[in-house]
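We count ligands from 1, going down the list as the structure has it; atoms in each ligand are counted the same way. Note that the coordinates shown come from a computational prediction; the quantities given were computed from them, not determined experimentally.
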Amino acid sequence: MPILVMKFGGTSVADPDRIRNAAKKVHAEVARGYDVIVIVSAMSGKTNELVSWVNETSPMFDAREYDAVVSSGENVTAGLMALTLQEMDVPARSWQGWQVPLQTTSAHSTARITGIPRKNIDQKFAEGMKVAVVAGFQGISPEGRVTTLGRGGSDTTAVAFAAAFDAERCDIYTDVDGIYTTDPRITNKARKLDRISFEEMLELASLGAKVLQTRSVELAMQYKVRLRVLSSFEETNSTSGTLVCDEEELMENNVISGVAYSRDEAKMTLVSVEDRPGIAAAIFGPLAEAGVNVDMIVQNISDDGVTDMTFSCPVDQVKRADQALADARSKGDILFEELLADTGVAKVSVVGIGMRSHAGVAAKMFRALRDENINIKIITTSEIKISVLIDRKYMELAVQALHDAFELEKAS
Ligand code: ADP
Ligand code: ASP
Ligand code: MG
């Protein structure tokens with residue numbers, strides 16, 4: 001039997017009624033002749049609630065117990081989905097990560113998948129089971145403990161299953177009907193794309209577009225999984241949604257394909273650091289060891305052997321960064337006058353493979369921001385993206401201005 005992977009996100013399994021709606025879509029695929037692996041998220045809001053309970057109980061929590069708690073939301077929806085399918089006379093069984101087993105590294109709360117042996121599920125398919133409902137987001141470490149894959153990780157569970165089981169396609173059902181030129185919550189001019197390249201989606205995801213977890217796109221690209229995003233709230237067919245595919249399969253070729261944003265950024269500045277060989281290593285080594293995800297970095301022009309070093313990181317890591325740099329200073333590894341933290345910034349990025357062959361994208365981006373009087377604090381670029389750090393209060397305006405400037409509401 002051909003295998004299909006169908007993933008349902010939080011809003012698509014938010015209550016028994018929504019689960020029934022999702023189960024009908026699964027039933028329809030079984031009727032078309034597929035064996036289906038369904039990956040479910042926790043009910044919407046559940047994971048946030050579990051995370052807040054952990055923080056309330058133990059602010060410096062043990063990550064192993066964090067995973068034990070936050071993985072539990074998916075167990076509930078997996079069981080309910082299997083029951084709902086059984087009520088529809090579809091032979092279905094639920095699987096928690098450890099039962100598959102979905103093997104991961106021991107990096108609790110950000111574990112990576114290392115293997116998915118097919119044997120157990122294949123055997124059940126051979127015995128007549130039509131649907132394996134798997135709890136997304138969770139796995140088991142070599143030490144035998146429950147792990148989780150980072151927020152949004154059920155997308156990655158889905159793609160990993162599609163790769164392991166040679167699925168015909170991996171369908172990600174969510175609360176929007178596809179991937180848009182930008183988050184449709186920010187502007188109603190956002191346009192749904194029929195197709196987007198793996199590379200562009202990878203950039204958009206890593207720059208903040210949470211419609212797919214970054215790692216899921218990486219895996220799909222690596223294992224050539226046909227990955228589709230579509231709505232669980234609408235009638236859908238084989239051409240619905242957005243297909244994430246190779247560049248050669250693209251239909252349109254806008255220079256820019258999307259605008260992404262990341263709201264919760266912070267800008268940190270080390271004032272008057274000594275400017276000597278090895279200073280960057282002395283600063284960013286301890287930050288990496290403390291688990292701070294440094295993103296943009298700017299070193300100012302040196303004056304009299306001292307310079308300012310500025311970097312950005314997620315706002316919830318500011319305390320950790322502060323601590324790591326204070327420790328390095330007290331050990332005498334770095335000298336600086338003070339550490340300034342601006343916790344009110346956001347990152348806005350434009351992404352497009354057309355940038356490789358078109359000049360002037362950066363100039364156009366900066367003009368559009370200037371016309372709205374938005375000051376740019378840091379700029380970074382790569383081959384197919386330009387990102388700017390700006391005051392958070394201008395974030396939505398910036399996204400809208402850039403969407404207009406690059407005329408993304410129109411297909412090329
Ligand atoms: P799920 O719970 O189904 O995993 P998520 O909330 O994780 O859903 O992701 C879907 C959300 O991603 C949408 O509701 C939308 O607001 C947001 N989003 C951000 N950028 C985009 C984009 N470019 N296209 C579509 N949705 C986007
Ligand atoms: N429930 C997890 C989260 O909210 C995983 C997921 O939904 O993808 O992050
Ligand atoms: Mg998600």
[atom] - nearest protein heavy atom and its distance:
atom                    : answer
atom 23 (N) of ligand 1 : Tyr180 O, 3.0 Å
atom 7 (O) of ligand 1  : Lys210 O, 3.5 Å
atom 14 (O) of ligand 1 : Arg185 NH2, 2.6 Å
atom 2 (O) of ligand 1  : Gly10 N, 3.1 Å
atom 11 (C) of ligand 1 : Asp175 OD1, 4.0 Å
atom 7 (O) of ligand 2  : Ser41 OG, 2.9 Å
atom 21 (C) of ligand 1 : Asp183 CA, 3.7 Å
atom 27 (C) of ligand 1 : Val211 CB, 3.7 Å

Item to check | side chain to side chain contact (heavy atoms under 4.5 Å, CB included) assessment of Lys385 paired with Thr380 | outcome: CA-CA 8 Å; Lys385 72 119 205 266; Thr380 52; 4.2 Å; yes
Checking the N or O distance criterion of under 3.5 Å, is ligand 1 in contact with [X]?
X      : result
Thr174 : yes
Asp155 : no
Lys7   : yes

Item to check | Enumerated ligand 1 atoms positioned under 4.0 Å from heavy atoms of Ile179 | outcome: 24 (N)
Checklist entry - Of all the atoms in ligand 1, which lie at a distance below 4.0 Å from a heavy atom belonging to Ala209? => result 20 (N)
Could you verify whether a donor N or O on one side chain and an acceptor N or O on the other, from [X] and [Y], lie under 3.5 Å apart?
X      : Y      : answer
Lys25  : Thr236 : yes
His108 : Ser141 : no
Asn75  : Gln138 : yes

Checklist entry - Nearest non-hydrogen atom to atom 1 (N) of ligand 2 belongs to which of Lys46, Met43, Glu74, Lys7? => result Glu74
Are [X] and [Y] within salt-bridge range, i.e. N to O under 4.0 Å?
X      : Y      : answer
Lys377 : Asp391 : yes
Asp166 : Arg118 : yes
Arg185 : Asp175 : yes

Next on the checklist: Ring-plane angle category for Phe8 and Tyr173, please: parallel below 30°, perpendicular beyond 60°, tilted otherwise.
Outcome noted: parallel
Next on the checklist: Using 30° and 60° as the class boundaries, would you call the ring planes of Phe284 and Phe311 parallel, tilted or perpendicular?
Outcome noted: perpendicular
Next on the checklist: I want to know if ligand 2 touches Gly152 in the polar sense, i.e. an N/O pair below 3.5 angstrom.
Outcome noted: yes
Next on the checklist: Quick check on Ser12 - does any of its heavy atoms sit under 4.0 Å from an atom of ligand 1?
Outcome noted: no
Checklist entry - Is the closest heavy-atom distance from Gly178 to ligand 1 below 4.0 Å? => result yes
Next on the checklist: Using a 4.0 Å cut-off to any heavy atom of Arg151, which atoms of ligand 2 qualify?
Outcome noted: 3 (C), 4 (O), 9 (O)
Item to check | Within-4.5 Å side-chain heavy-atom neighbours: Met88 and Lys24 | outcome: yes
